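What you are looking at is a predicted structure, and each value in this text was computed from that prediction instead of being measured.
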Amino acid sequence: MAYIRDREAREISISGPAGVSITLDSPRKRQARNRRSDDADAKDKLELRAESGRHHPDIVSNWIDDDAGKLEDKLTEIVIGLAIVSERESRRWHAEMAGWQRKREEEEAEARRKAKEKAEREERERIAAEEKARRDELLTEAKNWRSARLIREYVEARRASEATQASEFENWARWALKEADRMDPLFHVKSSHDTEGV
């Protein structure tokens with residue numbers, strides 16, 4: 001993409017990945033713009049100036065009408081100089097692109113590493129939670145089994161007592177034994193095996 005910056009087309013910028021700005025002007029005009037005008041003969045001279053893109057203005061080549069000859073006598077030198085400026089800017093741009101690409105790849109690799117670590121951590125936490133749930137369930141079943149056994153022993157102890165021979169006791173004993181069966185995990189396993197055999 002090219003830009004012409006003034007009406008006389010004295011400054012043209014070729015912009016792209018590696019842009020070059022080319023200015024053809026009187027050194028006196030350029031110096032006046034920079035507030036440095038001390039060459040009275042500069043009004044009859046022309047200067048061709050090539051600068052790399054706005055990101056790297058340190059790459060500069062210039063040619064001027066001087067005692068060695070006019071610009072038109074230096075065309076070979078100018079063409080070579082323009083090629084050098086363009087090539088240096090292009091190489092710098094490609095080096096920057098390679099740096100950005102490396103940085104992006106490193107960031108993506110870091111993101112993948114963090115995602116993998118997170119997935120592994122979540123998997124470890126899931127396994128630990130499952131193991132804890134199984135352990136808690138085991139303890140609950142063991143406590144319920146012990147409570148069911150205690151209820152049955154208590155019912156038998158009361159049955160052996162002389163004071164509990166009334167019919168009210170039998171109603172209570174049936175209820176208490178049903179409660180023991182309901183909470184006993186082994187009773188449920190046995191019942192399901194009995195049902196499967198039928």
Side-chain angles (χ1 to χ4, degrees), residues 1-140:
M1 197 178 285
Y3 298 96
I4 298 173
R5 298 190 189 278
D6 60 7
R7 291 183 183 177
E8 297 173 353
R10 290 186 177 271
E11 186 177 345
I12 298 172
S13 290
I14 301 168
S15 183
V20 177
S21 178
I22 302 168
T23 307
L24 177 64
D25 209 344
S26 163
R28 193 177 90 174
K29 286 185 180 178
R30 189 173 60 78
Q31 288 172 355
R33 282 196 295 265
N34 294 336
R35 302 188 187 283
R36 289 184 293 118
S37 181
D38 52 3
D39 186 357
D41 296 329
K43 64 179 181 176
D44 298 327
K45 295 179 181 178
L46 281 178
E47 179 185 30
L48 181 67
R49 201 174 156 80
E51 299 178 53
S52 62
R54 59 190 166 91
H55 298 296
H56 306 290
D58 56 316
I59 301 176
V60 178
S61 293
N62 68 321
W63 302 268
I64 194 165
D65 288 334
D66 56 16
D67 295 338
K70 296 267 188 196
L71 286 181
E72 52 267 28
D73 299 330
K74 302 176 184 178
L75 286 179
T76 302
E77 181 186 338
I78 290 170
V79 170
I80 292 170
L82 290 174
I84 290 171
V85 169
S86 178
E87 179 64 21
R88 283 195 294 187
E89 177 66 4
S90 179
R91 285 183 183 187
R92 191 187 297 234
W93 180 81
H94 283 294
E96 283 183 359
M97 289 298 105
W100 290 337
Q101 180 67 23
R102 275 193 307 275
K103 184 178 177 185
R104 193 180 75 184
E105 287 171 358
E106 288 169 2
E107 288 172 351
E108 288 174 354
E110 180 66 10
R112 284 192 301 271
R113 184 188 65 77
K114 286 183 177 178
K116 182 181 176 186
E117 284 180 359
K118 181 182 177 189
E120 289 172 352
R121 185 176 64 251
E122 288 174 351
E123 179 64 10
R124 286 193 301 270
E125 289 171 357
R126 184 190 65 77
I127 290 170
E130 284 180 359
E131 288 176 356
K132 183 182 182 307
R134 289 180 66 192
R135 193 166 43 248
D136 291 347
E137 184 179 356
L138 174 63
L139 288 171
T140 300

- Does Asp66 have any side-chain contact (heavy atoms from CB on, under 4.5 Å) partners at least two apart in sequence or in another chain, and if so, which? Ile64, Ala68, Lys74
- Non-neighbouring partners of Glu123 that pass salt bridge (Lys or Arg N to Asp or Glu O under 4.0 Å), sequence neighbours left out: Arg126
- Task: Quick one: list whatever passes side-chain contact (heavy atoms from CB on, under 4.5 Å) with Lys118, sequence neighbours left out.
- Result: Arg121, Glu122
- Task: Applying side-chain hydrogen bond (donor to acceptor under 3.5 Å, both in side chains), name anything that partners Glu105, two or more places apart in sequence or on another chain.
- Result: Gln101
- Message: Restricting to salt bridge (Lys or Arg N to Asp or Glu O under 4.0 Å), what partner residues turn up for Lys132, sequence neighbours left out?
- Response: Asp136
- Looking at residues at least two apart in the chain, or sitting in another chain, which of them share a side-chain contact (heavy atoms from CB on, under 4.5 Å) with Glu117? Arg113
- Task: Sequence neighbours left out, what passes side-chain contact (heavy atoms from CB on, under 4.5 Å) with Glu108? Give chain and number order.
- Result: Arg104, Arg112
